[in-house]
Amino acid sequence: MEKIALLVGKRLEREFYQKPTIKVSKELLGKYLVRKINKKLLIGRIVETEAYIGPQDKAAHSFNWRISKRNIIEYAQGGYIYIYLVYGMYWQLNIVTSSAGRPECVLIRALEPITEEKDIRIASGPGKLCKWLKLDSSFYAKDLSQSRDIWVAEPPKAYAKIDKRQIVAAKRIGIDYAKEWKDKLWRFYLKSSPAVSKK
DNA sequence: GTACAGATTGAG
DNA sequence: TCAATCTGTACT
């Protein structure tokens with residue numbers, strides 16, 4: 001409360017994430033990702049997401065019910081963090097969605113910094129945002145509805161409204177191997193944001 | 001055990 | 001256009 005309420009609104013509850021993955025992917029746009037490091041807050045507005053809907057989605061790690069030490073958290077109920085390393089050097093922040101037993105998630109692809117930053121594009125990509133917020137394997141399986149150092153919040157009232165016409169649906173990035181699934185319009189971003197990736 | 005490609009990025 | 005860098009996955 002107090003001062004923090006001027007910056008961010010209420011934390012999203014577990015139920016928010018337990019809806020269909022496409023719906024959650026769109027509704028996350030405009031929400032604030034809050035990260036607390038040594039009592040300091042880093043806040044980014046979510047401006048780009050991607051839906052991964054295993055086991056039918058060939059681009060998903062959970063395709064064909066694949067399950068491993070890496071992706072097992074995808075099988076939990078919505079609201080947990082699924083984070084993994086790609087290309088040997090970049091962490092990718094995902095949020096588990098839907099209900100237990102359905103291995104689906106949303107990749108958070110870009111943030112627009114709300115707290116003061118020199119570079120508006122400091123988090124304009126999935127690898128970049130994890131670097132900015134210092135996210136790594138230690139965040140694996142954290143509960144966003146409970147954790148004290150990372151959560152998603154409603155924006156302050158004045159910024160709460162997202163015009164549906166601002167939301168663009170596009171093909172997902174970096175999954176050309178996924179046959180017909182690569183053409184699904186499961187990437188969502190806010191048209192006017194300067195922080196969307198690949199600009 | 002070994003090979004190989006990947007939900008990316010920034011430099012040239 | 002390309003290398004960095006390392007783990008999961010699919011084979012031998």
Side-chain angles (χ1 to χ4, degrees), chain A residues 17 20-29 31 33 35 42 44 46-76 78-98 102-113 117-142 144 150 152 167-190 193-199:
Chain A
Y17 307 103
T21 302
I22 298 281
K23 187 176 170 69
V24 177
S25 301
K26 292 182 192 168
E27 288 182 2
L28 277 171
L29 295 175
K31 298 289 191 284
L33 181 62
R35 170 84 168 98
L42 290 176
I46 299 174
V47 295
E48 182 179 356
T49 61
E50 274 179 6
Y52 285 85
I53 310 182
Q56 69 270 34
D57 178 3
K58 197 157 198 307
H61 292 158
S62 55
F63 173 67
N64 205 18
W65 299 102
R66 274 197 307 237
I67 189 164
S68 66
K69 187 181 170 197
R70 178 176 72 163
N71 77 346
I72 191 167
I73 192 62
E74 289 197 273
Y75 288 80
Y80 292 98
I81 288 177
Y82 170 35
I83 191 166
Y84 66 90
L85 196 65
V86 258
Y87 301 113
M89 60 186 96
Y90 298 110
W91 293 98
Q92 307 280 287
L93 175 67
N94 295 254
I95 303 176
V96 177
T97 53
S98 191
R102 292 178 181 271
E104 307 179 12
C105 65
V106 177
L107 169 66
I108 308 300
R109 285 194 56 91
L111 305 174
E112 201 176 292
E117 287 293 336
K118 292 189 191 92
D119 180 7
I120 188 80
R121 293 180 59 75
I122 194 169
S124 63
K128 293 170 79 176
L129 76 89
C130 286
K131 191 175 175 195
W132 180 47
L133 298 179
K134 294 186 165 53
L135 300 175
D136 56 27
S137 62
S138 66
F139 285 79
Y140 188 86
K142 279 211 184 189
L144 283 171
I150 186 169
V152 182
I167 300 178
V168 179
K171 291 183 188 178
R172 293 175 293 176
I173 290 179
I175 52 149
D176 286 348
Y177 56 87
K179 300 268 176 72
E180 69 270 26
W181 296 93
K182 76 177 167 56
D183 295 324
K184 298 280 182 193
L185 301 179
W186 288 354
R187 173 180 174 231
F188 305 98
Y189 63 90
L190 295 179
S193 175
V196 170
S197 70
K198 306 258 171 178
K199 271 275 166 78

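Order of the sequence lines fixes the chain letters, A, B, ..., with proteins taken first and strands second; residue numbering starts at 1 for each chain. These numbers come from the heavy atoms of this one structure, side chains and all, not from hydrogens, waters or symmetry mates.
In this structure, A:Lys128 reaches the B:dG10 phosphate: one of its side-chain N or O atoms is under 4.0 Å from OP1 or OP2.
Between the CD atom of A:Glu50 and the C1' atom of B:dT8 there is a distance of 12 Å, rounded to whole Å. In this structure, CZ of A:Arg109 is placed 11 Å from C1' of B:dT9, rounded to the nearest angstrom. A straight line from OH of A:Tyr177 to P of B:dG6 spans 7 Å, rounded to a whole angstrom. Between the CZ atom of A:Arg121 and the C1' atom of B:dT8 there is a distance of 14 Å, rounded to whole Å. Between the CG atom of A:Leu107 and the C1' atom of B:dG6 there is a distance of 13 Å, given to the nearest Å. Per the geometry, CZ belonging to A:Arg172 stands 15 Å off C1' belonging to B:dG6, to the nearest Å. For the pair A:Ile81 CD1 and B:dA7 P, the interatomic distance rounds to 20 Å; values are reported in whole Å. Rounded to whole angstrom, the span from the NZ atom of A:Lys179 across to the P atom of B:dG6 amounts to 13 Å.
For DNA chain C, runs of at least 3 consecutive pairs of the Watson-Crick or G-U wobble type, with both hydrogen-bonding distances under 3.5 angstrom, map to B:1-6 with C:6-11, B:8-11 with C:1-4.
Side-chain atoms of A:Asn94 come within 3.5 Å of backbone N or O of A:Gln92 as a donor-acceptor pair. A side-chain donor-acceptor contact under 3.5 Å links A:Arg35 to the backbone of A:Leu133.
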query = Can you list the steps and then say if A:Val196 with A:Leu190 is a side-chain contact (heavy atoms from CB on, under 4.5 Å)?
reply = CA-CA 8 Å; A:Val196 170; A:Leu190 295 179; 5.6 Å; no
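Stacking of A:Tyr52 onto the six-membered ring of B:dA7 is present: less than 5.5 angstrom between centres, less than 30° between planes.
A donor atom on one side chain and an acceptor atom on the other are not found under 3.5 Å apart for A:Trp181 and A:Gln56. A donor-acceptor pair shorter than 3.5 Å cannot be found between the side chains of A:Ser25 and A:Glu50.
Only the P atoms considered, B:dT2 is 23 Å distant from C:dT5, to the nearest whole Å. C:dA10 and B:dA7 are spaced 13 Å apart, taking the P atom of each and rounding to whole Å.
Ion pairing between a basic and an acidic side chain is recognised when a charged N comes within 4.0 Å of a carboxylate O; A:Glu27 and A:Lys23 show such pairing. A salt bridge links A:Asp183 with A:Lys171: the distance from a Lys NZ or Arg NE/NH1/NH2 to an Asp or Glu carboxylate oxygen falls below 4.0 Å. Residues A:Asp57 and A:Arg172 are paired through a salt bridge, judged by an N-O separation under 4.0 Å between the basic side chain and the carboxylate.
If you check every strand for non-hydrogen atoms under 4.0 Å, A:Ile173 touches sugar and phosphate atoms only. Contacts of A:Cys130 with the nucleic acid, taken as non-hydrogen atoms under 4.0 Å apart, are absent.
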Return the polar atom pairs (N/O with N/O) between nucleotides 2-9 of chain C and the protein under 3.5 Å, or none.
{"from": "C:dT5", "atom 1": "O2", "to": "A:Tyr87", "atom 2": "O", "distance (Å)": "2.3"}
{"from": "C:dT9", "atom 1": "OP2", "to": "A:Ser68", "atom 2": "OG", "distance (Å)": "3.1"}

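With sequence neighbours excluded, the residues forming a salt bridge (Lys or Arg N to Asp or Glu O under 4.0 Å) with A:Glu112 are A:Arg45, listed by chain and number.
Put simply, the side chain of A:Tyr84 and the base of B:dA7 share a donor and an acceptor less than 3.5 Å apart.
Here A:Tyr82 and A:Tyr84 bring their ring centres to under 6.0 angstrom of each other.
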